[in-house]
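Working notes, beginning with the structure itself.
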Amino acid sequence: MRYFLELAYRGTTYHGWQRQPNGLSVQEVLETALTTVFRQPIAIVGSGRTDTGVHAGQQFAHFEIEGSLPKNLLRSLNSLIPNDVAVYDCFPVRADDHARYTATYRYYQYSIIRRKDPFRDGLAYVFTLPLDIDRMNQAAERLLHHTDFESFSKVKTDVKTFNCQIDFAYWIADAAGNLTFHIKANRFLRGMVRAIVGTLLDVGQGRLSVAGFEAIILDRDRKRAGRAAPADGLSLVEVGYPAEVFGQRTILLANTIV
């Protein structure tokens with residue numbers, strides 16, 4: 001039987017989602033806990049590979065196991081994993097439902113704060129220079145007119161295509177001037193959101209025009225784009241699937257399961 005896990009994590013202390021030979025990953029933490037609970041090796045596949053230091057308010061992963069789940073699974077898992085990772089649900093899915101390939105979209109947010117805030121340390125990028133948000137939104141809107149985003153992909157990325165369909169991309173400012181970048185697409189390339197944010201910050205500072213931003217997209221050259229924004233401001237906030245994936249889902253909160 002194949003199962004989906006729904007989870008969240010603060011990525012500050014992890015070398016990304018995917019298991020690494022030289023650092024602790026979220027995948028390794030979860031696989032170790034699952035292996036302990038089921039007393040057999042368990043491998044999981046995530047909906048995407050967040051980079052080192054990137055957070056997730058919602059992430060999904062799937063694994064396979066024979067037999068039914070123990071009633072205290074969520075409590076057991078959450079007691080075995082660190083406090084910066086939480087498993088919210090586990091539910092059966094169809095045999096061909098895949099955490100990565102069945103997903104229809106990913107939605108990320110990037111947070112920028114305008115002054116140092118001890119309560120958001122590691123969760124937002126402190127950027128104090130003046131920014132023209134209107135120009136940044138004009139440039140962000142140009143993303144919706146293109147599908148090839150090689151300019152914003154890490155180099156030497158093993159992908160068959162650099163095409164992504166972006167549904168929306170925009171900035172919102174709160175009363176204190178803190179900014180949140182919202183972007184949703186069917187898929188993202190490695191380092192794509194952080195590269196886009198870094199380049200849009202160049203637009204906001206007047207170092208790059210809106211037309212220049214679009215020219216970077218068309219050039220398909222990572223060297224033309226701005227530097228990647230720091231990882232700590234980025235969070236995966238939602239992963240979408242067809243409704244059929246959740247047909248057998250029953251929410252089992254970790255603090256109520258017995």
Side-chain angles (χ1 to χ4, degrees), residues 11-12 16 48-55 106-118 120-157 159 161-237:
T12 304
R49 303 174 182 178
T50 52
D51 291 338
T52 298
V54 175
H55 319 292
R106 285 88 174 167
Y107 170 24
Y108 281 89
Q109 292 180 4
Y110 192 93
S111 299
I112 291 178
I113 53 178
R114 307 299 275 159
R115 66 179 183 179
K116 186 177 180 181
D117 183 346
R120 300 186 68 181
D121 181 49
L123 299 173
Y125 177 30
V126 181
F127 193 91
T128 59
L129 297 176
L131 292 170
D132 187 328
I133 301 173
D134 290 338
R135 283 166 52 89
M136 291 165 67
N137 271 325
Q138 291 172 26
E141 193 273 336
R142 304 311 302 165
L143 293 166
L144 278 60
H145 299 269
H146 302 276
T147 55
D148 189 319
F149 296 103
E150 185 173 0
S151 294
F152 300 121
S153 173
K154 287 186 177 180
V155 296
K156 298 181 181 179
T157 299
V159 294
T161 175
F162 293 97
N163 288 350
C164 308
Q165 186 63 53
I166 296 179
D167 296 326
F168 57 69
Y170 59 88
W171 293 89
I172 291 180
D174 66 16
N178 300 316
L179 305 177
T180 304
F181 181 59
H182 301 257
I183 186 167
K184 174 184 171 184
N186 65 328
R187 65 189 290 261
F188 287 92
L189 305 168
R190 288 188 61 208
M192 178 175 165
V193 180
R194 292 168 58 198
I196 288 174
V197 169
T199 310
L200 287 174
L201 288 175
D202 286 343
V203 174
Q205 296 174 82
R207 299 168 57 184
L208 180 67
S209 67
V210 174
F213 179 83
E214 188 164 29
I216 288 173
I217 300 173
L218 294 171
D219 283 347
R220 301 174 184 174
D221 182 358
R222 178 65 184 90
K223 295 178 182 178
R224 291 284 319 278
R227 68 178 183 87
D232 50 6
L234 183 60
S235 295
L236 173 64
V237 296

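Below, each value reflects all heavy atoms present in this structure, side chains not excepted, and no hydrogens, waters or symmetry copies. Predicted model, so just to flag it, every value in this text is computed and none were measured.
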Quiz item: Heavy-atom distance under 4.5 Å between the side chains of Phe162 and Leu189, does that happen here?
Solution: yes
Quiz item: Looking at side-chain heavy atoms only, is the closest gap between Ser235 and Tyr107 below 4.5 Å?
Solution: no
Partner residues of [X] under the side-chain hydrogen bond (donor to acceptor under 3.5 Å, both in side chains) criterion, sequence neighbours left out:
X	result
Glu214	Arg142, His146
Ser151	none
Glu141	His145

Quiz prompt | Derivation of the side-chain contact (heavy atoms from CB on, under 4.5 Å) call for Leu123 and Asp232 | solution = CA-CA 5 Å; Leu123 299 173; Asp232 50 6; over 6 Å; no
All salt bridge (charged side-chain N to carboxylate O under 4.0 Å, His left out) counterparts of [X], not counting sequence neighbours:
X	result
Arg227	none
Asp148	Arg220
Arg106	none

Identify, with sequence neighbours excluded, every residue that meets side-chain contact (heavy atoms from CB on, under 4.5 Å) alongside [X].
X	result
Thr147	Asn163, Gln165
Ala139	Leu200, Val203, Val210, Phe213
Gln205	Phe127, Leu129, Leu131, Leu201, Asp202, Arg207
Ala185	Ile166, Phe188

Quiz prompt | Thr199 and Ile216: CA distance, side-chain angles, deciding distance, side-chain contact (heavy atoms from CB on, under 4.5 Å) verdict | solution = CA-CA 9 Å; Thr199 310; Ile216 288 173; 4.0 Å; yes
Exercise. Determine whether more than 12 heavy atoms belonging to other residues, nucleotides or ligands lie under 6.0 Å from atom CZ of Arg49.
Key: no
Exercise. Test Tyr108 against Leu234 for side-chain contact (heavy atoms from CB on, under 4.5 Å), laying out the working first.
Key: CA-CA 7 Å; Tyr108 281 89; Leu234 183 60; 3.6 Å; yes
Give, for atom [atom1] of [X] and atom [atom2] of [Y], the distance between the pair rounded to the nearest 0.5 Å.
X	Y	atom1	atom2	answer
Arg135	Ile133	CZ	CD1	13.0 Å
Leu179	Met136	CG	CE	6.0 Å
Arg187	Met192	CZ	CE	8.5 Å

Quiz prompt | Taking every non-hydrogen atom, the tightest pair across Ala169 and Leu143 | solution = CB-CD1, 3.9 Å
Quiz item: Taking all non-hydrogen atoms of both residues, which atom of Phe149 and which atom of Cys164 are closest, and how far apart?
Solution: CE1-O, 3.4 Å
Quiz item: Are the side chain of Ser111 and the backbone of Ala124 linked by a donor-acceptor contact shorter than 3.5 Å?
Solution: no
Quiz item: Between His182 and Ile172, is there a donor-acceptor pair closer than 3.5 Å when you use the side chain of the first and the backbone of the second?
Solution: no
Self-check item: Pairs touching residues 168-179 that satisfy side-chain hydrogen bond (donor to acceptor under 3.5 Å, both in side chains), sequence neighbours left out
Solution: Asp174-Asn178
Quiz item: Restricting to pairs with a member in residues 188-201, which pass salt bridge (charged side-chain N to carboxylate O under 4.0 Å, His left out), not counting sequence neighbours?
Solution: Asp51-Arg194
Practice problem: Check step by step if side-chain contact (heavy atoms from CB on, under 4.5 Å) holds for Thr180 and Ile112. | Solution: CA-CA 6 Å; Thr180 304; Ile112 291 178; over 6 Å; no
